[in-house]
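Computed from a predicted structure; not experimentally measured. Below, chain A is the first sequence line, B the second, and so on; all start at residue 1.
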Amino acid sequence: GQSLEQPSEVTAVEGAIVQINCTYQTSGFYGLSWYQQHDGGAPTFLSYNALDGLEETGRFSSFLSRSDSYGYLLLQELQMKDSASYFCAVPSGGYNKLIFGAGTRLAVHP
Amino acid sequence: EAQVTQNPRYLITVTGKKLTVTCSQNMNHEYMSWYRQDPGLGLRQIYYSMNVEVTDKGDVPEGYKVSRKEKRNFPLILESPSPNQTSLYFCASSSHGGGRQPQHFGDGTRLSIL
């Protein structure tokens, strides 16, 4: 089948670094996206990786290894406002059909 | 302001009473999609549309219908709602499909079917 796996919860302290992993199983691979969703809010796009390696955007970076069917989102210098759910997503079963992981809830503590 | 607008934001209704959730985007995006979000299950795609008059099923299409008669609008129709369709629904749009382009989400519609 086609699926995405990510940890359900991660806890960290302000100023720390946290890594949220995502492993995927799909028929055909085009790229891996990451979204952030605060409680009561809508998901917002963070990043997209189509090629292997690390993409950096400010405090957030995203990594992809296509050979391992694995990616991660790296959040540095954590702030309280980073407390949110993070979802990975891939096209699956066709280029235009998108599936999301169940989400990782990140709690940042003082 | 670029946005995706969903209406209503909240709705409580009864089993079997047809309802429509509207979705409109002002970014001239080709790709639009509907998701439902349930605790512990993340976002599950219901239907998507690559352009006007072009729609296809996502992972959980049963009990839903969509149409794309105009580029900006993509309504979600529940012909005979049932309690298992109680959920938080999001509409999203992007310039193209495939996940590369950011999807812009509406604020969500919370549906309760009694």
S.K.: Under 4.5 Å between side-chain heavy atoms, hopping through other hydrophobics if needed: is there a path connecting A/L51 to A/V90?
M.R.: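 Not linked; separate clusters.
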
S.K.: Which atoms of A/A50 are under 4.5 Å from chain B, going by heavy atoms: the side chain, the backbone, both sets, or neither?
M.R.: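 Side chain only.
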
S.K.: Check the pair B/I113, B/T13 against side chain to side chain contact (heavy atoms under 4.5 Å, CB included), reporting the backbone distance first and the verdict last.
M.R.: CA-CA 5 Å; B/I113 317 291; B/T13 187; 3.6 Å; yes

S.K.: Decide whether A/Y70 and A/Y30 are clustered together by the hydrophobic rule: side chain heavy atoms of Ile, Leu, Val, Met, Phe, Trp, Tyr closer than 4.5 Å, transitively.
M.R.: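 Result: no, two separate clusters.
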
S.K.: Considering heavy atoms only, which positions within residues 14-24 of chain B lie below 4.5 Å of chain A?
M.R.: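 Within residues 14-24 of chain B, no residue comes under 4.5 Å of chain A, counting heavy atoms only.
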
S.K.: Are A/L46 and B/F105 grouped together when hydrophobic residues (ILVMFWY) are joined by side-chain heavy atoms under 4.5 angstrom apart?
M.R.: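 No.
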
S.K.: List the atom of A/H38, the atom of A/S83, and the distance in Å for their closest heavy-atom pair.
M.R.: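 Heavy atoms of A/H38 and A/S83 come nearest at CD2-O, 3.1 Å.
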
S.K.: What's the separation between atom OG in A/S62 and atom CG in A/L64, rounded to the nearest 0.5 Å?
M.R.: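 The distance works out to 8.5 Å.
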
S.K.: Any residues in residues 69-96 of chain B near chain A, with a heavy-atom distance under 4.5 Å, and which are they?
M.R.: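 B/F90 fall under the 4.5 Å cut-off.
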
S.K.: Taking all non-hydrogen atoms of both residues, which atom of A/Q76 and which atom of A/S61 are closest, and how far apart?
M.R.: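 For A/Q76 versus A/S61, the nearest heavy atoms are NE2-OG, 4.0 Å.
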
S.K.: Looking only at heavy atoms, which two atoms of A/S33 and B/G99 are closest? And how far apart?
M.R.: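 That closest heavy-atom pairing would be OG-O, 3.0 Å.
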
S.K.: What's the verdict on side chain to side chain contact (heavy atoms under 4.5 Å, CB included) for A/L106 and A/L78, showing C-alpha distance, side-chain angles and the deciding distance?
M.R.: CA-CA 10 Å; A/L106 171 64; A/L78 281 173; 4.1 Å; yes

S.K.: Calculate, to the nearest 0.5 Å, the distance between atoms CD and NE2 belonging to A/E14 and A/H109 respectively.
M.R.: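 Reported to 0.5 Å precision, the distance equals 11.0 Å.
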
S.K.: Taking all non-hydrogen atoms of both residues into account, name the closest pair between B/Q6 and B/T109 and its distance.
M.R.: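 So the minimum-distance heavy-atom pair works out to NE2-OG1, 3.0 Å.
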
S.K.: Could you tell me which portion of A/I99 (side chain, backbone, both or neither) has an atom closer than 4.5 angstrom to a non-hydrogen atom of chain B?
M.R.: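 Just its side chain gets close to chain B.
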
S.K.: If you group Ile, Leu, Val, Met, Phe, Trp and Tyr by side-chain heavy-atom gaps below 4.5 Å, do B/V4 and A/F45 land in one group?
M.R.: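 Cluster IDs for B/V4 and A/F45 differ.
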
S.K.: Do any N or O atoms from the side chain of A/N21 and from the backbone of A/P7 form a donor-acceptor pair under 3.5 angstrom?
M.R.: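 The answer is no, because no donor-acceptor pair under 3.5 Å joins these two groups.
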
S.K.: Could you look at A/Q6 and say if it's the side chain, the backbone, both or neither that has a heavy atom under 4.5 Å from chain B?
M.R.: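 For A/Q6, neither part sits under 4.5 Å from chain B.
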
S.K.: Give me the one residue out of A/D82, A/L73, A/T104, A/L75 that meets side-chain contact (heavy atoms from CB on, under 4.5 Å) with A/V18.
M.R.: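 So the option named by the test is A/L75.
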
S.K.: I need the single residue from A/Y86, A/F87, A/F100, A/Y48 that forms a ring-ring contact (aromatic ring centres under 6.0 Å, His included) with A/Y35. Which is it?
M.R.: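 Looking at A/Y86, A/F87, A/F100, A/Y48, the match for A/Y35 under the ring-ring contact (aromatic ring centres under 6.0 Å, His included) is A/F100.
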
S.K.: For the residue pair A/A102 and B/G40, what are the closest heavy atoms and their distance?
M.R.: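 That would be CB-O, 3.5 Å.
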
S.K.: Which members of residues 27-38 of chain B, sorted by number, sit under 4.5 angstrom from chain A on a heavy-atom basis?
M.R.: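 Answer by number: B/Y31, B/Y35, B/Q37.
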
S.K.: Taking 4.5 Å as the heavy-atom cut-off, does anything in residues 44-63 of chain B contact chain A, and if so which residues?
M.R.: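 Within residues 44-63 of chain B, near chain A: B/Q45, B/Y48, B/M50, B/K57, B/G58, B/D59.
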
S.K.: Give, for atom CD1 of A/I20 and atom CD of A/Q36, the distance between the pair rounded to the nearest 0.5 Å.
M.R.: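 That separation rounds to 9.5 Å.
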
S.K.: Examine whether an atom of B/L41 lies under 4.5 Å from a heavy atom of chain A, and if so say whether it belongs to the side chain, the backbone or both; otherwise answer neither.
M.R.: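 For B/L41, the contact with chain A is made by the backbone alone.
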
S.K.: If I take atom CG from residue A/L32 and atom CG from residue A/L4, how far apart are they, to the nearest 0.5 angstrom?
M.R.: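 Result: 7.5 Å between the selected atoms.
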
